[in-house]
Amino acid sequence: MATQDSITIVWRTEGPSNPVVRYGFTLEKNLPETLAADHITVRVSSDVKNNQGYPELYKEPLQQTALRKSTTRDPDPSTAENTYQYEAKISGLSPNETGYYAVYDGNTLLAGDDPSYYFKTLPSSGTQSAQRIWVVGDSGTGGLQQKKVHTAMEKWIAESDDALTQFLHVGDMAYGDGTDREFQRNFFEIYDRTLRNTVCWPTMGNHEGHTSRGISGIGPYYDAYVVPTNAEAGGVPSGSEAYYSFDIGNIHFVCLDSHDLDRRPSGAMAQWLQADLDMVDAEWLIAFWHHPPYTKGSHDSDAEGQLREMRTHIMPILETAGVDLVMTGHSHIYERSMLIDGAYATPTRAEGVVLNDGDGNPDGDGAYLKSAGLNAHEGNVQIVTGHGGAGLSRRGTMPIMREILLEHGSVILDIEGDTLTGRMLNSDQKMRDLFSIVKRGNVDLKPIDNPWQPEKLPAELSALTFDFYQENVGDMPKGFSVTNGRNAEIQLAKREENDEKYIHLKGKEDSMTPAFLLADGFEDDKMELDVNFRIPKGTKLPLATMIYGFTNPRNYFSLEVNAKKNTVTLYKIKSGKQSKIYSKKHKVDFDVWYEFEIKVNNDLVTIEFDDLNLFSKSVGTKEVNGQAGFRSDPDTIAHYRKVELEHH
Ligand SMILES: [Fe+2]
């Protein structure tokens, strides 16, 4: 922990030692100042013979062992035997003061006395002071990606002009159960080089929550950190290590526990938050916790309780106080929003909650502009930075997001004066997102009715979207129907533009159910059926079927496009029984858009594929009977577009 006039150095030894911290303010001299044992808090594991009455480090209660959702990777989450933890608070320092330190056992150097072991106190509250903050989430696997994300940050910082000043971790730093050993292996050993000189401000993730409890403040998570509970670095005392606030110059930070505390406005945490924000006097307000109010990564904020509650209960309090930036994790993805306000509804929609739908990039659409100071409802940027090491996934598209990236990385924030710049640095040290918020003068901000929208995933578009249109005069098909749709909800909307008539049928969003969509009563010489649908990659049976010539759902013709076998096959289905009419080898590359045409002329059916005549076959009947359809199978790997059905 750092404050404006103190720094707390924390370390451990295996077995007892005579703890001493030596420190000084220049590297040239030997560290002249000493903080000796009687000023250092000592805590010990429960097995240590403890006649000094030291407070104990975590020992898991037996009943909790039984309840714990263990991954069984670490059967004993208690602190390793013979562990001593030392917490040495160096007081009486000046704001923004840099010092160097070393820890000793008596006269024996244990660590430090080298330029990488330094500390820096916080700048005075309210003053302008450049800050460079590293923000990481969901990192604690101990694996390669976690290490790469860390190294990428170190290299990027080394190549830049400014050092890191703070480290924020948004939770899940010690998979799978936040045990003491997992903290050691997956947090302290990985980030060692950063932690020796940069304070980490943490929030507890659900995985730490397997062994640590916000309500009691007990567990390996609470042993691992020293955080301000009594407004030691500004703000209002929270009396809890689970949630707290602090000032860094003109920035006020609020850390919340979204995991295992009451998230309602009447709860102790929200009550404290309100009291804290009532007193805040800063230029910037930044909040962070674990469960994101807006995400469609590995988690869905429209569907999950903790995420919804942080959105509906906590976001209104923060936005009324003028929050600028909210940083969370939990969802293993990078998502960064536009400038938003008032998005409390479920599901989250972008309409009417986006105040600036640009990309926020000073070299692109321009920085997000807000008025100087903290003003209610002037918009904030949400960052989900759950991509620090754990496996990534994306289940959909959160419509308020401006950037959605499925790659490992972290966030580097620069705040200086009236400008905040956020960068996403991936694990290959590439800068993948950049935005700025500038707070200056008076800015008039209003919600945009129809803001920019991120591109949806193919899977989301698998909701069938059929556009029937005809360019000539004449009637549209007389009817439309859906069969085998199960939960496919089709919306029917007619519109006319110029001389063209449209009927738009759209499947329920996120629906992956096979559906037949039928258009009845083709009466014109030429009917074009323009079909758009997309199916996600990576599914097992690449199969798409076009259907025409219905008399009923058991009698029809179908064209199957199979990307696995590279075949295009025409079938006749009579009384539900399928017989093959013709099959042709045709290499199908489903990464590109295709244009299919089925042309029916009496009993002759012609199949065209990207304007190439694939084959013409007699189907032995004239019965095409004015109906045509298209079916998608959930297993299809395909992007299809522009299917034309011509009846002659
Ligand atoms: Fe999580």
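For reference, positions follow the sequence shown, starting with 1. Just so you know, ligand 1 is whichever comes first in the structure, and atom 1 is the first atom listed for that ligand. Please read these numbers as outputs of a predicted model, since none were measured by experiment.
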Exercise. Do Glu335 and Thr295 have side-chain atoms, one donor and one acceptor, less than 3.5 Å apart?
Worked result: yes

For this session: Measuring from the Fe ion (ligand 1), count protein N/O/S atoms under 2.8 Å, please.
Result: 4

Exercise. Do His332 side-chain atoms and Gly297 backbone N/O form a donor-acceptor pair below 3.5 Å?
Worked result: no

Exercise. Pairs in or reaching into residues 220-230: which pass side chain to side chain donor-acceptor pair (under 3.5 Å), with residues at least two apart or in two chains?
Worked result: Arg43-Asp223

Exercise. In terms of the angle between their ring planes, are Tyr244 and Phe246 parallel, tilted or perpendicular, with boundaries placed at 30° and 60°?
Worked result: parallel

Problem set entry | Glu416 atom CD: more than 12 heavy-atom contacts under 6.0 Å | no

Exercise. Where the side chain of Gln4 meets the backbone of Asp247, is there a donor-acceptor pair that is under 3.5 Å apart?
Worked result: yes

